[in-house]
Amino acid sequence: MASSCVSSSFSPSLHYLTACRSSMTMVGLLSYAPKILKPISLTKSFSFISLSTARKPLRKSFQVRSVAAPAEAAAGFDDMVSGTQRKYYMLGGKGGVGKTSCAASLAVKFANSGHPTLVVSTDPAHSLSDSFAQDLTGGTIVPVEGPDSPLFALEINPEKAREEFRSASQSNGGTGIKDFMDGMGLGMLVDQLGELKLGELLDTPPPGLDEAIAISKVIQFLEAQEYSMFTRIVFDTAPTGHTLRLLSLPDFLDASIGKLLKLRQKIASATSAIKSVFGQEETRQDATDKLERLRERMVKVRELFRDTDSTEFVIVTIPTVMAISESSRLSASLKKENVPVKRLIVNQILPPSASDCKFCAMKRKDQMRSLDMIQNDPELSSLTLIQAPLVDVEIRGVPALRFMGDIIWK
Ligand SMILES: Nc1ncnc2c1ncn2[C@@H]1O[C@H](COP(=O)(O)OP(=O)(O)OP(=O)(O)O)[C@@H](O)[C@H]1O
């Protein structure tokens, strides 16, 4: 194997991937000078082609083969980019398949197309900073250097939130919890919990807190002035399980709030005479109104996740049996939740080659088998398939993301 492959080379201005010595066409990146990014087509003669001269032929070389005939083809990037009304894109899939790279490349492409864009990571193990090669940590919106239009990133920080939650819950009278939840836009929920003497239960973070924080951010996007400038919001979601919990949480909260409201009504009618004596009737009504408003917000979030005009969930996978099986289950769950899914990105496909070394030939066969699986999968075969090649270096930094975005989002 080693004898038939050329090992990677690297210099501050040039790097390219391990390539078969044969006629395999490889995709490379000439980068490291900001905004000077040149893909290389490595053929038998190892000729180098610049991005400006080779963009079109190069793109063609990525189209390995069409593996699925979409029943209802999703429109291309032109459609994704058109219009100034806000659109949300969520990218999700199995761990390590390239969700962050795809989400970040989409965000860069939107920003370079003139959309003020926000990319949000709801994955507790954030990698946006690594992907952009910039420090985007801190749990607040941070500008990303490089794109033509404003691009901001937000890594929702559940660890920090958990710490705040713990210390808040230890401060006196539970007001700390209220301040904390207020900060997340969920303060009125605590009013209710406090009154129902459930405050003690909040000593330890409840399951689903990560998702609750992410949802509260979505609520803020819907309402807050500070986010109103963004016309595209891209979510880099956590691996499958978390994502599904995130998507089903508004339903869960809506139902829970509904139960609280009913409970409150019962308590209210049973004790209304006493309460009116103590003059608390108005406060109670006020709290109920707040709870009702929170419920309405949750309904809005739920509707947003299911709104085909403003939201799309893009599944990212790689050509392996395990990743495709998980993508199929994810697609089924999303459909069950009525979340719009149209596109499937199959990332890290070996670029075409006239003849492979033994290792690459085996790998290619394996990948082709996996691609056939998609064609025969009832959940995935109807999605529009986007094939993205394995490139020779880690996708890091805005120039590399721009390069990747031009391949994927067409
Ligand atoms: N097409 C590609 N070619 C080469 N490397 C890639 C490609 N796509 C992603 N990578 C690399 O694979 C690694 C994982 O990618 P990424 O972080 O985007 O995956 P992820 O699905 O978000 O991972 P996690 O689930 O851990 O958040 C990164 O080092 C990234 O640069």
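Scope of the values below: all heavy atoms of this structure, side chains included, with no hydrogens, waters or symmetry mates. Each ligand, and each atom within it, is numbered from 1 in the order the structure gives.
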Do K342 and T384 come within less than 4.5 Å of each other through their side chains, counting heavy atoms only?
-> no
Answer yes or no: is there a side-chain heavy-atom contact under 4.5 Å between V120 and F230?
-> no
By number and element, which atoms of ligand 1 are closer than 4.0 Å to a non-hydrogen atom of N347?
-> 1 (N), 2 (C), 7 (C), 8 (N), 9 (C)
Please determine which of I374, D372, L350, V346 meets the side-chain contact (heavy atoms from CB on, under 4.5 Å) test together with P319.
-> V346
Run the numbers for me: atoms of ligand 1, each under 4.0 Å from some heavy atom of I395, listed by number.
-> 6 (C), 7 (C), 31 (O)
Of all the non-hydrogen atoms in the protein, which one sits nearest to atom 3 (N) of ligand 1, and at what distance?
-> V391 N, 2.9 Å
Classify the contact between A388 and ligand 1 as side chain, backbone, both or neither, using a heavy-atom distance cut-off of under 4.0 Å.
-> neither
Protein heavy atom at shortest distance from atom 5 (N) of ligand 1 | V393 O, 4.0 Å
Would you verify that at least one protein heavy atom lies under 4.0 Å from atom 13 (C) of ligand 1, or report that none does?
-> no
Angle class for the F110/Y89 ring planes (parallel below 30°, perpendicular above 60°, tilted otherwise)?
-> tilted
Decide whether T100 and S127 meet the rule of one side-chain donor and one side-chain acceptor closer than 3.5 Å.
-> yes
Does any non-hydrogen side-chain atom of D406 lie less than 4.5 Å from one of K109?
-> yes
Ion pair check, D356 and K365, cut-off under 4.0 Å | no
Measure the spacing between OG of S328 and CG of L383 and express it to the nearest 0.5 Å.
-> 9.5 Å
Close-contact set for ligand 1 against P389 heavy atoms, below 4.0 Å | 1 (N), 2 (C), 3 (N)
Measure across L401 and S105 and return the closest heavy-atom pair with its distance rounded to 0.1 Å.
-> O-CB, 3.3 Å
K335 atom NZ, neighbour heavy-atom count above 12 within 6.0 Å = yes
Other residues, nucleotides, ligands: >12 heavy atoms within 6.0 Å of M229 CE | yes
Quick one: look up the protein heavy atom nearest atom 18 (O) of ligand 1 and list residue, atom name and how far away it is.
-> S101 OG, 2.6 Å
Considering heavy atoms of the protein only, find what lies nearest to atom 19 (O) of ligand 1 and give residue, atom and distance to 0.1 Å.
-> G98 N, 3.1 Å
Taking both backbone and side-chain atoms of G95, is any N or O found less than 3.5 Å from an N or O belonging to ligand 1?
-> no
Ligand 1 N/O within reach of V97 N/O, cut-off under 3.5 Å = yes
For atom 27 (O) of ligand 1, what's the nearest protein heavy atom and its distance?
-> D123 OD2, 3.2 Å
If we only count heavy atoms from C-beta on, is the F132 to E145 side-chain gap below 4.5 Å?
-> no
What about D236: any of its N or O atoms under 3.5 Å from an N or O on ligand 1?
-> no
Closer than 4.0 angstrom: is that true for some heavy atom of G96 and an atom of ligand 1?
-> yes
Nearest protein heavy-atom contact for atom 20 (P) of ligand 1: which residue, which atom, what distance?
-> K99 N, 3.4 Å
Take every heavy atom of S131, measure it against each atom of ligand 1, and state whether any distance is under 4.0 Å.
-> no
Under 3.5 Å: N/O of L390 near N/O of ligand 1 = no
N or O contact, M404 vs ligand 1, cut-off under 3.5 Å = no
Counting heavy atoms only, name the option from E394, Q348, K94 that's nearest to atom 29 (O) of ligand 1.
-> E394
